[in-house]
Novice: 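What follows is a single structure, and I will ask about it in a moment.
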Amino acid sequence: MAHSELSEGSRPAANGWLLDEAARAETLRAYDLASLRDTKGLKQITDFASALCEAPIALVSIVEEEWQTFLSRTGLDAAQTPRRTSFCQFAMLGTGIMEVPDATRDPRFAENELVTGEPFIRFYAGAPLVADDGTPLGALCVIDRQPRPGLTALQREGLETLASAVLARLRDTRDALAWRESQRANQRALSESHERFRVLADTMPQMVWSTRPDGYHDYYNARWYEFTGMPEGSTDGVEWNGMFHPDDQERAWALWRHSLETGELYQIEYRLRRADGQYRWTLGRALPLRDEAGEITRWFGTCTEIHETKTASEERALVTQELRHRIKNILAVVTSLIGLTARSRPELRDASADLIERVAALGRAHDFVRTPGASSADASHDSLHALLGELLRPYSTGGENRITVSGDDVPIAAHEVTPMALLFHELATNAAKYGGLAETGRGVTIAIKDRGDATVIRWHEAAGEPVRPPQGSGFGSKLIDLSAVRQLRGQLERDWRPEGLQVTVHYPKR
């Protein structure tokens, strides 16, 4: 290869080989050479090599870009010499021991200043030190000031064995250095991660906290200390519970212990003492962080102030409760007025009876609506099954349940309660007069299907005689259509089957 073709950082070795010095330098940096310099272990190797080969000088030489450095030396004071004078730069490129019987007769070394001057090298033998990836590092060599024919077979074998021992020590320093670098890198990454988390947590509007796997609190963000006014570190461990309202502390402890034992989500509403001494409603949540084996390594949690929302919800609940009470009184007054009118106007008696029943159905539906802010234990009250059971209870007489409700139990919104009450009251009333509830032994089945974006309800009557569509439509039919189509924004279909009427209501979820 011509000189102009050499890659940057490469140069020919003394024997013409091409060496990538940048790559060699990178390999050498992987070893902690400084930790080996003049160590007892290497000194024992060079001392033994000197004695074994009956040579006054023995060296562990590392060949660098400009110098050769002696990690250990026996019989020589110099710690390094220029690379241009190095015998080891030749030895490290071989596959076995390189021997120079008389340097004054070798054209490579005859004019070398280490031959013409101190230490007056005549005989040289060097075993190459080569890294695992094939990179030449240097040599373990012995030097004599007198020419010699060469090493004996035992000496050559011994020198190669000692070179292997040097390489083993070099590998140890490389592995130890790599481990330390890895630890430092991991520590830096962990430190940077902690710092990023701290900055992120301190910028959040919520209070953020963290615990060890056993639940010991050891971290709170700046927002926690700002809100509580407590000195940093004063709420570590189990002291956090003292910040809660006395009436909430036992409940909070019980839920926290349950989460620690089961690994389940921790979620609770409690009153937390603010820096000014006022207790504020707060939502506390925490989730565990798990390792690959599924073991909990840490808990992370937040505290979010919900005082205004909680207070507003309680106030709305009081207003709603009062409104419900007043509406019930109004319905009672309306019923009384209808009754008085019927007594004074006998010709309106039948119509007034129907009207009273409709008002009673509205009253039952109104009682069904759950007060906002009620406990989650009442959540089952907000379902279509429950509403139908409440509305249609008067039609199950004499201990006989003549109405069967089956299928999906879908949630029902407050705005759906009134039209549902009117719709099913009219269907049940008509069935009691003319259809499936008019005779003993007959009945009505109601099937509910939740289709995700809509709900489908099928009302099917089992009548005693074939039924026919009525001539024209009365007020009840109009009320049914009004409830299903206009108020529920759905569709209603009537199918006058011989065995009984089937009504299908299809309305969207909102």
Novice: For F300, check ring pair (Phe, Tyr, Trp, His ring centres under 6.0 Å) against everything at least two apart and list the hits.
Specialist: F197

Novice: Between D481 and R494, does any NZ, NE, NH1 or NH2 come within less than 4.0 Å of an OD or OE carboxylate oxygen?
Specialist: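 So R494 pairs with D481 through a salt bridge.
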
Novice: What pairs with E416 under salt bridge (Lys or Arg N to Asp or Glu O under 4.0 Å), at least two apart in sequence or on another chain?
Specialist: none

Novice: So if I apply the ring-ring contact (aromatic ring centres under 6.0 Å, His included) rule between W209 and each of W299, W256, W240, which one comes out positive?
Specialist: W256

Novice: Residues two or more places apart in sequence or in another chain: which of them pass ring pair (Phe, Tyr, Trp, His ring centres under 6.0 Å) with W224?
Specialist: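 With neighbours one apart ignored, the set is Y220.
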
Novice: Please name the pair of heavy atoms, one in L167 and one in V130, separated by the smallest distance, quoted to 0.1 Å.
Specialist: CD2-O, 3.6 Å

Novice: State, to 0.1 Å, how close C303 and Y270 come at their nearest heavy-atom pair, and which atoms those are.
Specialist: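 Nearest heavy atoms, C303 then Y270: SG-OH, 3.2 Å.
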
Novice: Can you see whether E64 engages T69 through a side-chain donor-acceptor pair at a distance of less than 3.5 angstrom?
Specialist: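 The criterion, which ignores hydrogens and geometry beyond distance, is satisfied for T69 and E64.
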
Novice: Who passes ring pair (Phe, Tyr, Trp, His ring centres under 6.0 Å) against H245, sequence neighbours left out?
Specialist: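 Per chain and number, H245 pairs via ring pair (Phe, Tyr, Trp, His ring centres under 6.0 Å) with Y279.
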
Novice: Just to verify, what does D218 make a salt bridge (Lys or Arg N to Asp or Glu O under 4.0 Å) with, not counting sequence neighbours?
Specialist: R298

Novice: Under the salt bridge (Lys or Arg N to Asp or Glu O under 4.0 Å) test, which residues partner D248, sequence neighbours left out?
Specialist: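 By the salt bridge (Lys or Arg N to Asp or Glu O under 4.0 Å) rule, D248 matches R251, R271.
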
Novice: With distance as the sole criterion, is a donor-acceptor pair present between the side chains of S383 and D409 under 3.5 Å?
Specialist: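 Side chains of S383 and D409: pair found under 3.5 Å.
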
